[in-house]
Amino acid sequence: MRTLKGTIMDAAAIERTITRLAHEILERNKGASNIAIIGIRTRGEFLARRVAERIEKVEGIHPDLGFLDITLYRDDLLGKLEQPMMKGTDILFDITGKDLIILDDVLYTGRTIRAALDGLIDLGRPRTIQLAVLIDRGHRQLPIKADYVGKNVATSANESIRVHLKEIDGEDSILLMHPEKEGK
Amino acid sequence: MKIEKAIDIVLRNVRIIDPLTDRDEVRDIHLVDGMIGKIASGLKGGASTRSVDLTGVVAAPGFLDMHVHLREPGFEHKETIETGCMAAAAGGFTGVCCMPNTNPAIDDESVIRLIQEKSRRALLGLVDVHPIGAVTIGRKGEHLAPMAEMAAAGAVAFTDDGDPVHDAELMRRALEYAGMFNRPVIQHAQDIPMTRGGVMNEGFCSTELGLPGMPAAAEDVMISRDILLAGYTGGQYHVAHMSTAGAVDLVRAAKVKGLRVTCEVTPHHFFLTDDAVRSFDTNTKMNPPLRTKFDVDAIREGLRDGTIDVIATDHAPHSFDEKQVEFQSAPFGIVGLETAIGLAVTELVYRGILSLDRLVRLFSVNPRRILHLPDVTITEGARANLTLFSPDQSWTVDPLRFHSLSRNTPFAGLTLRGKPFAVANNGVICWSD
Amino acid sequence: MPLKSRHLLGLHGMPREDIELILETAISFREVLDRPIKKVPPLQGKTIANMFFENSTRTRLSFELAERRLSADVLGFQTSGSSVSKGETLKDTARNIEAMKVDMVVMRHWAAGAPHYLSNVIDANVINAGDGAHEHPTQALLDLYTIHEKHGKIAGLHVCLVGDILHSRVARSNIYGLTALGAKVSVCGPATMIPHGIERLGVQVFHHLDEVIGNVDVLNVLRVQLERDAGRFFPSLREYHHSYGITKGRLEKAGKPITIMHPGPINRDVELSSDVADGEHSVILQQVLNGVAVRMAILYLLATGNQ
């Protein structure tokens with residue numbers, strides 16, 4: 001059982017961050033005409049929906065929205081103790097030529113994003129792939145960098161970050177948890 | 001296994017069960033030079049007499065297995081006459097009848113003489129081997145084999161076992177001809193076209209497993225026909241390895257009519273059902289196949305009410321590699337000499353279906369009567385021909401400890417009650433492990 | 001949560017949750033087959049041996065395609081006739097394959113129980129691609145997937161298997177799978193080709209097609225084996241077609257649309273008339289594509305199952 005060390009973001013902070021990320025994406029890409037938002041399942045899907053909705057409010061255009069299941073591209077499939085459940089990929093538009101914005105909740109080792117890149121390249125040839133995350137907690141194991149970051153949080157490797165989103169967890173919060181206690 | 005000459009031994013406190021002399025009591029038996037000396041309590045014998053305490057052991061007239069495949073000549077990688085006799089002795093048998101599906105078949109006197117010679121040299125001649133000759137030359141089902149010559153040489157019966165005598169006309173002639181020498185015709189009853197490709201009993205189990213089946217009717221159809229022929233010719237007819245409820249009814253009715261019809265069952269046919277095949281273990285593949293619970297119940301009832309005359313194992317050794325193939329490709333048959341007493345005591349005596357006296361009749365008295373061999377009794381002055389076994393002793397079947405060359409049994413790891421203890425015959429006594 | 005067994009030998013006794021997991025996983029792989037790049041990496045580095053001891057083109061190709069789509073390395077091995085007659089036992093063939101460090105074996109064999117035997121003798125995962133008349137689990141699973149795709153459910157549907165049930169592994173596996181998922185199952189065929197005691201598997205038996213065609217949702221039409229059966233189990237193909245052939249006329253009499261399935265290859269105008277095989281209610285071609293997805297799902301679940 002882990003115990004709470006601190007709250008990284010509350011519901012209000014999450015909303016403000018999502019708004020800011022949406023604005024940054026629009027600024028860098030000079031509008032919404034060629035972008036597509038790709039949420040990494042599971043929680044990335046809900047963040048992607050919110051960002052897309054925010055962009056529509058500002059620009060009047062709802063960008064193409066897709067959801068990626070990276071299970072088949074993981075590098076740790078053969079050897080995990082628990083077999084990962086497949087969630088399905090739903091990208092119903094052609095990604096070739098588009099500026100894709102991958103959206104995920106936490107950027108950590110970078111392996112999830114590496115898997116996402118492999119999955120997306122199999123689907124077509126985007127013009128650019130950019131990465132937006134709510135939290136960057138460091139400890140990269142691969143050369144992956146986020147283009148848009150909600151908040152940088154310094155963590156130690158044995159601490160954990162819990163993301164709750166109201167769509168599936170009933171509330172919005174991002175919590176930092178202490179390491180696992182011995183003997184529990 | 002330990003073999004020695006039965007020169008001067010007192011078997012103390014042994015329970016003698018001898019149906020032909022109506023004896024069931026605990027006594028001592030003094031064996032001298034292969035003969036039964038005195039039978040009384042408190043025997044001491046002489047200075048050089050060995051004394052063995054056999055409390056808890058039953059002494060019965062020697063058991064005879066009238067359906068054994070010794071495989072020699074021709075298939076010595078599965079079994080030889082010597083290893084077959086060792087398996088018989090280890091299993092509690094002082095006599096066996098060997099089947100003619102050897103190579104060459106036992107269809108003339110030269111093969112009979114070979115078998116007799118080899119059996120005399122095995123285990124100091126302890127086990128009596130009675131050859132059964134083929135009904136037809138080469139067991140091909142076409143021409144009668146020289147039964148007169150074989151009978152004179154020592155054949156005790158005739159069969160094409162492994163195969164049926166399929167042609168009704170030929171079966172009729174065989175019953176007539178063999179009848180002249182007072183020899184029974186033993187039939188492996190199986191209608192061939194009805195069972196083509198079959199590898200197990202046809203029933204719900206074969207439906208689930210998708211394996212081609214052999215219906216019980218294919219056995220009954222032939223027995224029914226043969227019984228009519230036995231009635232018509234007055235010949236003596238014996239059903240080998242009977243396995244179906246229908247067959248039990250047919251034999252029962254034939255006996256009521258007073259026909260010279262007898263039958264035998266194997267231990268696996270009163271112990272296992274076709275559900276055992278679900279494992280696809282090739283040691284559950286035999287012919288006739290394991291049948292349904294309905295058939296097994298009828299067999300047990302037939303044993304109880306006396307319709308069934310004999311328990312015979314159909315001991316059918318096959319080498320390990322031969323059985324390590326797909327179920328459909330595997331040869332039919334399992335070994336049985338070394339598990340027969342255990343299975344019979346566990347499943348029939350302990351369940352109250354048979355008394356020990358009845359068991360001894362099935363293993364010892366009836367086979368000899370059917371084959372017109374001299375009765376064996378436990379009486380003073382008679383030649384010692386004894387089967388000693390402990391009905392209450394538990395033991396676990398371990399094929400690696402079999403004396404047979406082959407290990408193809410479905411009973412590995414099973415714990416049984418009723419263990420063979422020793423056998424004595426022809427001046428020799430052999431103690432089991 | 002992985003499948004309960006490390007092999008796929010049959011649907012008899014397979015827990016309902018395992019069947020549902022395979023079908024659900026197959027949905028994701030079906031989507032992969034619609035992509036421009038129809039390949040995913042999970043089985044990269046895994047070696048799969050396809051051991052086919054019985055002739056089969058479509059099942060073999062389907063498995064091969066599924067394996068390559070998962071980025072596995074494929075070893076093909078075909079032979080016909082008894083391994084005994086060829087001089088090498090099944091056990092030795094298997095041991096040789098294993099010595100080459102194969103991870104999974106897909107086996108089709110003419111002898112029932114051969115994959116069970118293999119799974120006891122080698123370490124690799126064993127997938128039964130059809131063993132004698134016993135089971136053909138991947139076919140039944142793709143049939144279940146196809147029914148669900150067309151009807152949105154399986155429970156409560158009435159599915160009838162038509163033809164030579166006696167010799168059919170497709171029938172047996174389908175019966176086990178359909179009853180596990182709550183469908184109502186019947187079989188229809190000549191009395192000579194309905195095996196003993198099949199009602200005990202929970203199916204209704206019909207000998208006349210017109211007795212059942214009025215209230216059935218799906219007909220799964222089985223192939224008739226010309227060489228073996230004509231003359232012994234039924235008098236002639238003409239009579240078989242007359243009694244059991246699925247024709248447009250027969251289907252019209254039913255009054256409601258009936259989904260038509262067939263494991264293939266079709267004997268046109270024997271089991272099915274051409275216009276029905278190619279008609280609007282036939283899902284035969286969908287079965288083929290779904291077969292690749294279902295096989296991908298099975299290979300994926302077994303390879304990543306870790307037992």
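Letters A, B, ... are given to chains in the order of the sequence lines, protein chains preceding strands, and every chain is numbered from 1. Just the heavy atoms: all of them, side chains too, but no hydrogens, waters or symmetry mates, feed the values below.
- Around atom CZ of C:R35, more than 12 heavy atoms belonging to other residues, nucleotides or ligands sit under 6.0 Å away.
- For A:I121, the part sitting under 4.5 Å from any heavy atom of chain C is the backbone (N, CA, C, O) and nothing else.
- Within a 6.0 Å sphere centred on CZ of A:R20, heavy atoms belonging to other residues, nucleotides or ligands number more than 12.
- Heavy-atom contacts from other residues, nucleotides or ligands closer than 6.0 Å to CD of A:E27 number 12 or fewer.
- With a 4.5 Å cut-off on non-hydrogen atoms, C:K39 touches chain A through its backbone but not through its side chain.
- Annotation: the span from C:Q44 atom CD to A:D75 atom CG amounts to 11.5 Å, rounded to 0.5 Å.
- Between the CG atom of A:L72 and the OH atom of C:Y300 there is a distance of 5.5 Å, given to the nearest 0.5 Å.
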